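Because the structure is a prediction, the values reported are computed rather than measured.
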Amino acid sequence: MTISICIAQLNFVVGDLSGNAQKIIEAAKQAHAQGVSLLVTPELALCGYAAEDLLLRASFQQASDEALQRIVAATADLPGLKLLLGHTQAVPGTVHRHNTASLLADGRVLSTYVKQALPNYGVFDELRYFTPQHQPCVIEVGGVQAGVLICEDAWLQAPALAAKQAGAQMLIVLNASPYHLGKQAEREAVLAQRALETGLPVVYAHMVGGQDELVFDGSSFALDAQGAVMVRAPSFETALVTVAARHVSGYLQLSGVVEPVQADNAYLWSALVLAVRDYVAKNGFPGALLGLSGGIDSALVLAIAVDALGRDKVRTVMMPSPYTADISWKDAQEMADRVGVRHDVIDIAPQFEAFKGALAVHFQGVNEDTTEENLQARIRGTLLMALSNKFGSIVLTTGNKSELATGYCTLYGDMAGGFAVIKDVLKTRVFELARWRNANDPFGTGLNPIPDRIITRPPSAELRPDQKDEDSLPPYPVLDDMIRRYVENDETVEAIVAAGHDLNNVERVVRLIRINEYKRRQAPVGPRLSHRSFGKDWRNPITNGFRR
């Protein structure tokens, strides 16, 4: 006998309890029509992840409980189908909730499992909201006993072993596991270890979608008892993924479609596109606009935006100053033409001269410096925000992680906007992604969107004559390696020097990282792509005397 299990790899909206419930009900009806025995949702599918302090509101808790009852009622007339649903449950006498998975069938809640291991590191704050319990839960599906786990439970040995001791013949794991580069392989490796330790096959159900800085990649999977991948779902797209389970020679065998593993840059591109698409759509913006300078960063953001939203919903503005090179005008126009977006030019020279004139008496006797450079960036930010206010489109900022780390960006200037698309992309990766996108067309908007000269020109902010980024910063391959080591891997100055970097360079870069925390606190949210982004998992004090 073959049991059909379906993973509802869906894109939920945090707080949209009615909309999320409807998606789950529709998935249940489709699964029932296909003869599925068990439909599994991701972790906290009903409220979305991460609902943060919404979880502390009594009105939200009540609405969540009401949405659960709606699903129970709406799936009551689907005989033969059981639904394993991720949601929250009240803890009597407290404002906390349980992070739970309930088994629904025939208009009833048959059993409920409470998450045991609550992560409280990186982007996770689950101890703020949830109360754990430590009892295993085994459900019956078509004669098979399945142990239920929720996300972090499966990263530890004890909950899986407890499920086996309680009679489980397989493990089903509900997940909301934020993406970063390499996370898919990491998950499969960890769950393979659980399979080997318990001798049980594993079904891993995961969500997909963008939620503020978090991106969920889908990539649900199923493993056999030896840890081999038997099913792998598509990444960065919704899907109802079927896993067939049947007994063969006394063992439970899982089978289904195995999607191939993609290259890193393909995953990163899909993550960026999904993050932009969901942030714009879920927050109700009609489109996006950005300053197109003729440089590599804004070119990359434009290519992402067009893939995410379509050319009709993206607008670019070139805002030249007296220091803008002619080739920047031409390259910006050429790229806008290639991708087919509306492109406007607003000369900021008059405003720049007006600002300098207003300040002339106050600056008398003082040489020009970064003050005048920042004026240009702030004029541009003001113009973009005015267009955003007038027409409703969100401003996409174009600064990268290398700039944000070192403060090579202007507060209230190029940092002004609503979504920082590449804030977790180091400059060296910016170039990699630009070359990758020119050679690949994953969303059918056309090959070679970025003119080659934009990629090959030395990077420059063009805020003073003959300016180059390397006038102010170490070469990007050197800088990015130091940032990766210090920010993402928490290496000390001494360790970075021991890895081959110059002491003076390291101390200068670490100082820049430290003193520019105040800028990063005021930067827009942007998608998390590394295991340590400048977001929820980077919480350093602004006032900070530590030097190493």
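In terms of modelled atom types and a separation under 3.5 Å, the side chain of H98 and the main chain of T112 share no donor-acceptor contact. With hydrogens and angles ignored, the 3.5 Å screen pairs no side-chain donor or acceptor of N283 with any backbone N or O of F285. Looking only at distances, no side-chain donor or acceptor of S270 sits under 3.5 Å from a matching main-chain atom of F236. Looking only at distances, a side-chain donor or acceptor of R520 sits under 3.5 Å from a matching main-chain atom of L404. Without hydrogens or angle criteria, D153 side chain to P159 main chain gives no donor-acceptor distance under 3.5 Å. A donor-acceptor contact shorter than 3.5 Å is absent between the side chain of H206 and the backbone of S220. Between the D441 side chain and the G446 main chain, a donor and an acceptor come within less than 3.5 Å of each other. When atom types are taken as modelled, the side chain of N400 and the backbone of S402 share a donor-acceptor pair closer than 3.5 angstrom. In this structure a side-chain-to-backbone donor-acceptor pair under 3.5 Å is present from T100 to H87. Panel note: side chain R194, backbone A154; a donor-acceptor pair is recorded below 3.5 Å.
Going from atom CD1 of I5 over to atom CG of L254 covers 6.5 Å, rounded to the nearest 0.5 Å. In this structure, OH in Y49 is found 7.0 Å from CG in L44, a value given to the nearest 0.5 Å. Remark: L200 CG to D224 CG distance equals 11.5 Å, nearest 0.5 Å. Here the CG atom belonging to L447 is positioned 7.0 Å from the CZ atom belonging to R437, to the nearest 0.5 angstrom. A distance of 9.0 Å separates CD1 of I7 from OG1 of T242, quoted to the nearest 0.5 Å. The CZ atom of R97 sits 5.5 Å away from atom OG of S64, with the distance rounded to the nearest 0.5 Å.
In this structure, a donor-acceptor pair under 3.5 Å is present between the side chains of K401 and S530.
The only option from Q22, Q30, K23 that meets the side chain to side chain donor-acceptor pair (under 3.5 Å) definition with E26 turns out to be Q22. Partner of H531 under the side-chain contact (heavy atoms from CB on, under 4.5 Å) criterion, out of E488, E186, K183: E488 alone. When each of H180, R532, R528 is paired with D537, the side chain to side chain donor-acceptor pair (under 3.5 Å) condition holds for R528 and for no other.
Ion pairing between E432 and R429 holds under the 4.0 Å rule for side-chain N and carboxylate O. Under the 4.0 Å criterion applied to side-chain N and carboxylate O atoms, R539 and D125 are assigned as salt-bridge partners. The pair R484-D480 does not count as a salt bridge, with every side-chain nitrogen at least 4.0 angstrom from each carboxylate oxygen. We find that E43 and K115 are joined by a salt bridge, their nearest charged nitrogen and carboxylate oxygen being less than 4.0 Å apart. Taking a cutoff of 4.0 Å between a charged side-chain nitrogen and a carboxylate oxygen, K82 and E140 qualify as a salt bridge.
In this structure, L39 and L84 have side chains that are not in contact, with every pair of non-hydrogen atoms separated by 4.5 Å or more. Side-chain contact between I304 and L300: present, with at least one pair of heavy atoms (C-beta onward) separated by less than 4.5 Å. The shortest side-chain heavy-atom distance between L290 and T398 falls under the 4.5 Å cut-off. Side chains of N265 and N440 form no contact here, defined as non-hydrogen atoms less than 4.5 Å apart. With a 4.5 Å cut-off on side-chain heavy atoms, I24 and F12 count as touching.
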Run the numbers on V190 and R187 for side chain to side chain contact (heavy atoms under 4.5 Å, CB included), then give the verdict.
-> CA-CA 5 Å; V190 169; R187 292 190 205 108; 5.9 Å; no

Show the numbers, then the answer: is there a side chain to side chain donor-acceptor pair (under 3.5 Å) between Q157 and E197?
-> CA-CA 8 Å; Q157 187 180 66; E197 290 165 354; 3.2 Å; yes

Starting from the C-alpha separation in whole Å, work towards a yes-or-no answer on side chain to side chain donor-acceptor pair (under 3.5 Å) for S177 and N175.
-> CA-CA 6 Å; S177 175; N175 301 272; over 6 Å; no

Could you please spell out the steps behind the salt bridge (Lys or Arg N to Asp or Glu O under 4.0 Å) verdict for E403 and K423?
-> CA-CA 9 Å; E403 295 169 346; K423 72 178 291 185; over 6 Å; no

Between S235 and D217, is a side chain to side chain donor-acceptor pair (under 3.5 Å) present by the stated rule, with each step listed?
-> CA-CA 5 Å; S235 298; D217 55 289; 5.0 Å; no

Would L529 and L272 count as a side chain to side chain contact (heavy atoms under 4.5 Å, CB included) if you check the C-alpha gap in whole Å, the side-chain angles of each, and the deciding distance to 0.1 Å?
-> CA-CA 8 Å; L529 304 170; L272 286 161; 3.6 Å; yes

Could you please spell out the steps behind the salt bridge (Lys or Arg N to Asp or Glu O under 4.0 Å) verdict for R342 and D312?
-> CA-CA 8 Å; R342 175 177 174 177; D312 294 339; over 6 Å; no

CA sep, side-chain torsions, deciding dist, call: T75, R70, side chain to side chain donor-acceptor pair (under 3.5 Å) = CA-CA 9 Å; T75 57; R70 178 188 165 198; over 6 Å; no

Steps toward side chain to side chain contact (heavy atoms under 4.5 Å, CB included) verdict (Q253, H247) | CA-CA 6 Å; Q253 261 189 12; H247 285 284; over 6 Å; no

Apply the test side chain to side chain contact (heavy atoms under 4.5 Å, CB included) to residues V148 and I139: give CA-CA distance (whole Å), side-chain angles for both, the deciding distance (0.1 Å), then the verdict.
-> CA-CA 7 Å; V148 180; I139 63 174; 4.0 Å; yes

Decide salt bridge (Lys or Arg N to Asp or Glu O under 4.0 Å) for E52 and R57; before the verdict, give the C-alpha distance in whole Å, the side-chain angles of both, and the deciding distance to 0.1 Å.
-> CA-CA 10 Å; E52 298 182 320; R57 298 179 68 87; over 6 Å; no

Could you give me the CA-CA distance, side-chain angles and deciding distance for R128 and D53, then say whether salt bridge (Lys or Arg N to Asp or Glu O under 4.0 Å) is met?
-> CA-CA 9 Å; R128 180 177 175 88; D53 280 11; 3.0 Å; yes

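The two atoms that bring A205 and T41 nearest to each other are CB-O, 4.0 Å, heavy atoms only. Of all the heavy atoms in P449 and V339, the pair that sits closest is CB-CG1, 3.7 Å. When all heavy atoms of G15 and F60 are compared, the closest pair comes out as CA-CE1, 3.8 Å. A pairwise comparison of heavy atoms in V173 and I150 identifies CG1-C, 4.5 Å as the closest pair. Between A163 and L171, the shortest heavy-atom contact is CB-CD2, 3.9 Å. In terms of heavy atoms, A305 sits closest to L396 at CB-CD1, 3.8 Å.
Aromatic ring pairs are classed by plane angle as parallel below 30°, tilted from 30° to 60° and perpendicular above 60°; the pair W269 and W436 is tilted. Ring geometry for F419 against Y279 counts as parallel: the plane angle stays under 30°, on a 0 to 90° scale with 60° as the upper cut.
Within a 6.0 Å radius of NZ in K29, other residues, nucleotides and ligands contribute 12 heavy atoms or fewer. Heavy-atom contacts from other residues, nucleotides or ligands closer than 6.0 Å to CZ of R246 number 12 or fewer.
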